[in-house]
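Report on the structure given below.
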Amino acid sequence: MSDQETHNSHDGITSNNGSKSDDAESYKKGGGNSCAVNSCTNNRRKLQMWKKSMCELHNELHNDCPCLIPYKFHLMPSDELTKLEWIKAINRKTLPKHVYVCSEHFLDGAPTKRNPFPKLKLGYDSKVTPGRRKLARRETAVKKLKLSYENDSGDDNVSDSTGFEALDISVNNDNETYPEATCSFNVAYPETVTKSTQYDETDFLIHDDHPYAEKWSDMQTTSTQTKLLLTEEKGVQSKIEGGTMSANTNIVTDSDALLYTGVTKEVFFTLVELLRADNQFNFQLDIADQLLLVLMRLKLHLIFDDLGRRFGISKSLACKLFNSWMPVLAEQLKGLVVWLPRETIRACIPESFRENYPRTTVIIDCAETFIQRPTNLKSRSETYSNYKSHNTAKYLVGIAPHGHIMFISRAFGGRASDKFIVEKSGFCQYLLPGDEVMADRGFTIDDLLFPLRVKLNIPAFTKCNHNLVMRI
């Protein structure tokens with residue numbers, strides 16, 4: 001080995017080109033050869049400083065102690081294919097003239113035939129896939145067990161313990177350890193059995209240790225599977241016995257009532273007693289269950305298939321229940337949608353409004369409900385909403401600052417604008433001078449509110465401005 005190669009290997013650089021190494025004094029200002037991988041700070045200067053430091057284990061310089069060098073530098077090879085793999089792995093836009101990579105980035109600590117390019121700690125997320133190794137085929141324990149049985153084929157009777165002893169011998173002869181195999185069946189081994197009758201069919205039957213392992217009885221096939229749903233075919237109703245949802249069992253606390261209906265338990269059963277007096281339907285379900293079904297549809301937006309299974313009725317009957325009770329509820333509850341006096345609104349206004357918008361009377365917005373596409377072309381065009389890309393019914397809703405619904409307009413076509421609905425719905429007749437209306441920026445109704453001396457609070461129309469300022 002030449003002096004140049006000796007000096008390169010002494011400095012921790014492996015290279016076939018025999019590049020010249022500088023003295024340790026030349027690394028005082030610069031880092032010398034550095035690793036080309038992103039976020040890697042290994043360089044020759046640190047390596048020289050490590051060699052000049054004392055080893056705490058051997059009490060001598062690292063240059064003289066038998067400790068292993070922390071890392072070595074490997075020069076990028078000149079082979080084009082391998083070079084391209086290195087450049088792809090380093091993943092840098094620009095590379096130095098001489099590319100060095102330290103040994104910390106190689107799976108084997110250095111470029112090998114199995115892993116010729118860097119894969120570890122490359123400064124970005126990369127999937128490390130070690131190279132494939134050649135598989136050495138060997139005989140498995142099962143094959144050896146078969147061979148042992150073939151050698152003993154002359155014997156008609158084979159003891160059970162002998163068969164397993166042969167398996168143990170074959171495993172012990174191989175210099176590998178295998179996981180312990182456990183059998184989940186309760187197999188009873190006779191003292192002497194033949195090969196063909198070594199196991200009995202009854203040994204593999206599942207024992208009735210758990211309820212789910214019970215056999216399927218005739219009673220289940222004849223009664224459970226043939227339970228009839230509550231239907232209205234030919235005017236006959238038949239109800240499932242048990243396992244269904246009902247108001248008496250599911251509405252126990254206020255949290256249950258709020259979950260399913262959106263109102264408290266007291267309000268729910270008060271509404272049940274109110275509707276019980278005006279019940280004009282002959283449904284077999286109790287009034288409380290019928291009202292629970294309707295409110296669950298409104299609150300949770302459940303499909304009729306799901307409601308039918310919950311209450312033990314058919315899908316068609318659930319749909320008919322809902323459509324029958326909606327006009328009744330609308331007629332009975334329309335008196336609850338009232339415009340509150342200004343004094344009541346001021347007394348119940350939240351703190352957030354009291355500090356910033358104390359004169360706010362109502363908050364308005366338009367809601368849209370999907371409808372079926374009309375067959376009439378004129379009605380189809382009037383109900384088509386460009387915002388929803390669907391045929392909708394659109395109506396105006398006004399709520400007080402504390403959340404009470406004070407105004408609901410009649411339904412308009414989805415094509416109607418917000419300003420048109422405000423003008424034609426009769427909303428403005430409830431406003432008093434000095435009131436403030438809060439709305440979205442789509443409600444350009446200044447010209448409608450100004451004659452009434454009502455102020456409109458909407459977000460400012462800020463184009464290309466991320467700071468949204470309220471327009472007051």
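Annotation: cation-pi geometry not satisfied between R44 and F73 (NZ/CZ under 6.0 angstrom from ring centroid, within 45° of ring axis). Relative to the six-membered ring of Y384, R415 misses at least one condition, a distance below 6.0 Å or an angle of at most 45° to the axis. A cation-pi geometry, defined here as NZ or CZ lying under 6.0 Å from the six-membered ring centre and within 45° of its normal, holds between R410 and F412.
In terms of modelled atom types and a separation under 3.5 Å, the side chain of D254 and the main chain of T264 share no donor-acceptor contact. Side-chain N or O atoms of T344 include none that pairs as donor or acceptor with a backbone N or O of L340 at under 3.5 Å. Between the side chain of Y71 and the backbone N or O of H105 there is no donor-acceptor pair closer than 3.5 Å. Between the side chain of S381 and the backbone N or O of K378 there is at least one donor-acceptor pair closer than 3.5 Å. Here the side chain of K121 pairs no donor or acceptor atom with the backbone of S39 at under 3.5 angstrom. Judged by distance alone, the side chain of N391 and the main-chain N or O of R380 form a donor-acceptor pair under 3.5 Å. Not a single donor-acceptor pair under 3.5 Å links the side chain of S379 to the backbone N or O of N376.
No more than 12 heavy atoms of other residues, nucleotides or ligands shown are found within 6.0 angstrom of NE2 on H98. The 12-atom threshold is not exceeded at CD of Q372, counting heavy atoms of other residues, nucleotides or ligands nearer than 6.0 Å. More than 12 heavy atoms of other residues, nucleotides or ligands lie within 6.0 Å of CG in L300, so this atom counts as buried by the packing criterion. Crowding of R276 atom CZ: a count of heavy atoms from other residues, nucleotides or ligands under 6.0 Å exceeding 12. Annotation for M54: atom CE counts as buried by contact number, over 12 foreign heavy atoms lying within 6.0 Å. Taking a 6.0 Å sphere around OH of Y430, one finds it holds 12 or fewer heavy atoms contributed by other residues, nucleotides or ligands.
What you find for V99 and L75 is that their closest heavy atoms are O-CD1, 3.2 Å. When all heavy atoms of I251 and L292 are compared, the pair lying nearest together is CD1-CD1, 4.0 Å. Residue I349 comes nearest to R346 through the heavy atom pair CG2-O, 3.3 Å, listed as atom of the first residue, atom of the second, then distance. Between Q290 and W325, the shortest heavy-atom distance links the atoms OE1-NE1, 2.7 Å. For the residue pair G262 and K299, the shortest heavy atom distance occurs at CA-CE, 3.8 Å. The nearest pair of heavy atoms linking C366 to K394 is CB-CE, 3.7 Å.
When side chains are defined from C-beta on, F450 does not count as touching L456, because their heavy atoms never get closer than 4.5 Å. At least one side-chain heavy atom of F283 sits under 4.5 Å from a side-chain heavy atom of L321. By the 4.5 Å heavy-atom criterion applied to side chains, R114 and L107 are not counted as neighbours. Side-chain contact between D365 and V397 is absent, with no heavy atoms from C-beta onward closer than 4.5 Å. Counting heavy atoms from C-beta outward, L271 and L333 have side chains that approach closer than 4.5 Å. Looking at heavy atoms from C-beta onward, T383 lies in side-chain contact with P374 at the 4.5 angstrom threshold. Here the side chains of F304 and R297 are in contact, with some heavy-atom distance below 4.5 Å. Between T392 and Y387, every side-chain heavy-atom pair lies at or beyond the 4.5 Å cut-off.
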Practice task
Test W50 against N63 for side-chain contact (heavy atoms from CB on, under 4.5 Å), laying out the working first.
Solution key: CA-CA 8 Å; W50 176 83; N63 197 19; over 6 Å; no
Exercise for the section: Could you give me the CA-CA distance, side-chain angles and deciding distance for D289 and R310, then say whether salt bridge (Lys or Arg N to Asp or Glu O under 4.0 Å) is met? Expected result: CA-CA 11 Å; D289 297 341; R310 287 172 183 259; over 6 Å; no
Handout entry: Stepwise side-chain contact (heavy atoms from CB on, under 4.5 Å) check, M406 with V362
Key = CA-CA 8 Å; M406 300 195 304; V362 64; 3.9 Å; yes
Exercise for the section: Show your working on side chain to side chain donor-acceptor pair (under 3.5 Å) between Y395 and T369 and close with a plain yes or no. Expected result: CA-CA 9 Å; Y395 44 92; T369 303; 3.1 Å; yes
Exercise for the section: With side-chain contact (heavy atoms from CB on, under 4.5 Å) as the test, would you mind laying out the steps for E104 and L120 before giving the verdict? Expected result: CA-CA 7 Å; E104 292 183 357; L120 300 176; over 6 Å; no
Exercise for the section: For ring-ring contact (aromatic ring centres under 6.0 Å, His included), just list the numbers for H74 and F106, CA-CA rounded to whole Å, side-chain angles, deciding distance to a tenth of an Å, and then say yes or no. Expected result: CA-CA 10 Å; H74 303 279; F106 294 91; 5.5 Å; yes
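Residues F407 and F427 place their aromatic rings such that the two centres sit under 6.0 Å apart.
Atom NZ of K320 sits about 12.0 Å away from atom CD1 of I313, to the nearest 0.5 Å. Considering CG of N457 and CZ of R359, their distance stands at 11.5 Å, rounded to 0.5 Å. Atom CG of N323 and atom CE of M326 lie 8.5 Å apart (nearest 0.5 Å). Rounding to the nearest 0.5 angstrom, the gap separating the CG atom in L432 from the OG1 atom in T361 is 7.5 Å. To the nearest 0.5 Å, atom CD of residue E423 and atom CG of residue L396 are 12.5 Å apart. Distance check, rounded to the nearest 0.5 Å: NE2 of H62 to CD of Q48 gives 13.5 Å.
Using a 4.0 Å cut-off between charged side-chain N and carboxylate O, D435 and K455 make no salt bridge. With salt bridges taken as basic N to acidic carboxylate O contacts below 4.0 Å, none links D446 and K419. Between E351 and R354 there is a salt bridge, since a side-chain N of the basic residue sits under 4.0 Å from a carboxylate O of the acidic one.
Between F370 and H390, the ring-plane angle classifies as parallel under the 30° and 60° cut-offs.
The closest side-chain donor-acceptor pair between K424 and S409, if any, does not fall under 3.5 angstrom.
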